[in-house]
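Here's the structure we're looking at; comments come further down.
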Amino acid sequence: MASKAPAPLPVGARPIVWTIAGSDSGGGAGIQADLATIQDLGCHGCSIISQITAQSSVAVSLVESVSDAMLLAQLDTLLADMPPRAIKIGLLGPGQVSLLAHWLATRLADYQARSHTSVAVILDPVMTASCGDPLGTRAPADGASFDPFAGLLSLITPNYAELALLDGSQVEDFAGFEAAAARLAQRLQTRVLAKGGDVAGRWLAQESCDILILDEVAGSSPLHQHCRFSLTSPRVATADHHGTGCTLSAAIASALAAGFVLQDAVVLAKAYVNAGLGQGYAPGAGAGVLGRCGWPQRLSDFPRVRYLDRDNPAPLAFPPLQRPIGVYPVVDSLAMLETLLLAGVDTLQLRLKTDTDPGSDSGCGSGSGCGSDSGLDVGTETGMAPAAGAALEADIVRAIALGRDHQAQLFINDHWQLALKHGAYGVHLGQEDLAGADLSALARAGVALGISSHGYFELLLARQLAPSYIALGHIFPTSTKRMPSAPQGLDKLRAYVRLLEGHFPLVAIGGIDRHNLAAVKATGVDAIALVRAVTQAESPAAAYLALSLAWSEAVCP
Ligand SMILES: Cc1ncc(COP(=O)(O)OP(=O)(O)O)c(N)n1
Ligand SMILES: Cc1nc(C(=O)O)sc1CCOP(=O)(O)O
Ligand SMILES: [Mg+2]
């Protein structure tokens, strides 16, 4: 069993998550599963009961709706005092879909406008119990039963059977599954997580493969929006899967409430469910229920992520680092590089941006809105004037020679072709840079590779490439680079470290300086990458030496 760990959130700051769902008297699904999940993931759960089911592990004997007045009273009473950061919607009776859709479009929309907040709404379109008995809303033949929710949802999470019902089609294979999910996304103007857990025997037996269809996702890389992914995990052989869908959608809502972007929330929720399936138990004669294993921290519980509408890199392996990194200066000139090498720096990065790079830092001074989306940040030689290209190549050649003379682990940022051509020790690439890089050529040449990441989803994409290290950013606000994502903070950094420690060297970056260095080290991260704390110091060499001393003296529990 995964060891219990506190959720990476300060207690007392538990975000509020609502579940609007049916009561399962058997305790394994519905409101009961949702509240257990929300609590387990460090949030506070509020429940709005839509339906009461007389249900055990083997049968559903009666389902009754609460009155419309009762449904609305629960919603309004809670909104006045305990507004949600995220809402999960589960079982609804037929009349309750339009009632709730109207409430979301009026009362919740009004609350969001007044409070300048955005509330994520996840719909799990529950139609049958896991014993096979029908529940609540049944899709009519044209699948229109959830249409009142069009434009009001952040995500819908149908399983195979629900998707087929909603689509009104026979879904025969993976391509049909993807096409039906895309139609649903279009129809409800939302993102779709189509779950393949119940397709066993149709086209997948050993693995469970979900499809995630995304439109715009604020706070994530432009590369990971408006695209499709598959999320695959080994199938957990268990009959104890009652409440899996409820748990998954409640976990997604909880992770969103905790400030994760949607892609992160989905992979985290999948890991939570996979861990729970491995620890299920059967309190009745029928299907048992999921175990509760706390914040996911076992890498094998997370899914394998693949692009469905883009090429995926072949399996690769990059050389391990020759020595631990510690303090890792990132510099933008040859002069600074040489100064630091002479001061004894043994791992550093040359990060040269030209004005023509889409990822250029120019215009990103402090207070210049660097927290906002700057678009794709693809730092390659494309678009560069020939003179700039020649000067750049000369700088990189000289840097590589200097790094070699000092036996340093020198990483070249972005310019992987030049690094490859001139035999660099290593290359650092962001997620966007990866898309255009010849990773096989780098791996074949034995070039070390560092990859940036900004959350669980990007961590999973990075680890699949078996890099030499993974960078985790940005931890604190930074004025050095425009970031599409929000600062991760120390609690999330600690969670990423727990997940990946022992698998890859981990480097924290973004806003790190002598004031917060000890707190960063206390998360267990292996190294820190710094731009301003070194390059903007009066004496960069002295600053590096002081930071290195502070790092080696700081305690890592
Ligand atoms: C150690 C380290 N971590 C992250 C980055 C950022 O790389 P990337 O996302 O490609 O952004 P640019 O640096 O190219 O602007 C890095 N360079 N080094
Ligand atoms: C270049 C870079 N990449 C980041 C990431 O999160 O990927 S943060 C960052 C800037 C780090 O600069 P400073 O130490 O001055 O805050
Ligand atoms: Mg880059």
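Values below: every heavy atom of this structure, side chains too, minus hydrogens, waters and symmetry copies. Keep in mind it's a predicted model, so treat the numbers as computed, not measured. Order of appearance sets the numbers: ligands from 1, and atoms from 1 within every ligand.
- Not a single N/O/S atom of Glu432, whether from backbone or side chain, sits less than 2.8 Å from the Mg ion (ligand 3).
- The structure places CD1 of Ile396 at 6.5 Å from CG of Leu350, a figure rounded to the nearest 0.5 Å.
- By the 30° and 60° cut-offs, the orientation of the rings of Phe229 relative to Phe457 is perpendicular.
- Of all N/O/S atoms in Asp414, OD1 sits nearest the Mg ion (ligand 3).
- Under 4.0 Å is where a charged nitrogen must lie from a carboxylate oxygen, and between Asp215 and Arg191 at least one such pair does.
- Ligand-side atoms of ligand 1 in range of Tyr328: 1 (C), range being under 4.0 angstrom from any heavy atom.
- Just one of Gln409, Arg323, His406 meets the side chain to side chain contact (heavy atoms under 4.5 Å, CB included) condition when paired with Asp346; it is Arg323.
- Distances from the Mg ion (ligand 3) to the N/O/S atoms of Asp433 are shortest for OD2.
- Ligand 1 has at least one atom lying under 4.0 Å from a heavy atom of Lys353.
- Between Tyr469 and Phe504, the ring center distance fails the sub-6.0 Å criterion.
- Under the 4.0 Å criterion applied to side-chain N and carboxylate O atoms, Arg398 and Asp395 are not assigned as salt-bridge partners.
- Under the 3.5 Å distance criterion, with hydrogens and angles disregarded, no donor-acceptor pair is assigned to the side chains of Gln431 and Ser221.
- If you take CG on Leu123 and CD1 on Ile87, they are separated by 11.5 Å, rounding to the nearest 0.5 Å.
- Relative ring orientation between Phe411 and Tyr425 is described as perpendicular, the plane-to-plane angle rising above 60° on a 0-90° scale split at 30° and 60°.
- Which parts of ligand 1 touch Tyr469 is read off a 4.0 Å heavy-atom cut-off, strictly below it: atoms 1 (C).
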Mind listing the N or O contacts between ligand 2 and protein, cut-off under 3.5 Å?
from	atom 1	to	atom 2	distance (Å)
ligand 2	6 (O)	His454	NE2	3.1
ligand 2	6 (O)	His474	N	3.2
ligand 2	7 (O)	His454	NE2	2.8
ligand 2	12 (O)	Thr480	OG1	3.3
ligand 2	14 (O)	Val531	N	2.9
ligand 2	15 (O)	Thr480	OG1	2.5
ligand 2	15 (O)	Arg532	N	3.0
ligand 2	15 (O)	Arg532	NE	2.6
ligand 2	16 (O)	Thr478	OG1	2.6
ligand 2	16 (O)	Gly511	N	2.7
ligand 2	16 (O)	Arg532	NH2	2.9

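- For Lys481, a nitrogen or oxygen atom sits less than 3.5 Å from a nitrogen or oxygen atom of ligand 1, counting backbone and side chain alike.
- The N/O atoms of Ser452, backbone and side chain alike, include one that comes under 3.5 Å of an N/O atom in ligand 1.
- From Arg306, atom CZ reaches atom CD of Gln464 across 7.5 Å, with rounding to the nearest 0.5 Å.
- In the vicinity of Ala529, heavy-atom distances shorter than 4.0 Å reach the ligand 1 atoms 1 (C).
- Against a heavy-atom cut-off of under 4.0 Å, Gln349 is close to the following atoms of ligand 1: 1 (C), 2 (C), 16 (C), 17 (N), 18 (N).
- Every atom of ligand 1 with a heavy atom of Asp414 under 4.0 Å away is listed here by number and element: 10 (O), 14 (O).
- Near Asp433, meaning under 4.0 Å from one of its heavy atoms, ligand 1 places the atoms 10 (O).
- Note: no N/O pair closer than 3.5 Å links Ile509 and ligand 1 by distance alone.
- Here the CZ-NE2 distance, from Arg463 to His503, works out to 8.0 Å after rounding to the nearest 0.5 Å.
- Considering backbone and side-chain N/O of Arg351, one or more are found under 3.5 Å from N/O of ligand 1.
- When non-hydrogen atoms are compared, ligand 1 lies under 4.0 Å from neither the backbone nor the side chain of Phe411.
- On a distance-only criterion, Asn413 and ligand 1 share at least one N/O pair closer than 3.5 Å.
- Between the side chains of Glu393 and His422, at least one donor N or O lies within less than 3.5 Å of an accepting N or O.
- Counting heavy atoms from C-beta outward, Leu460 and Pro303 have side chains that approach closer than 4.5 Å.
- Side chain of Lys195 to backbone of Thr157: a donor-acceptor contact under 3.5 angstrom is found.
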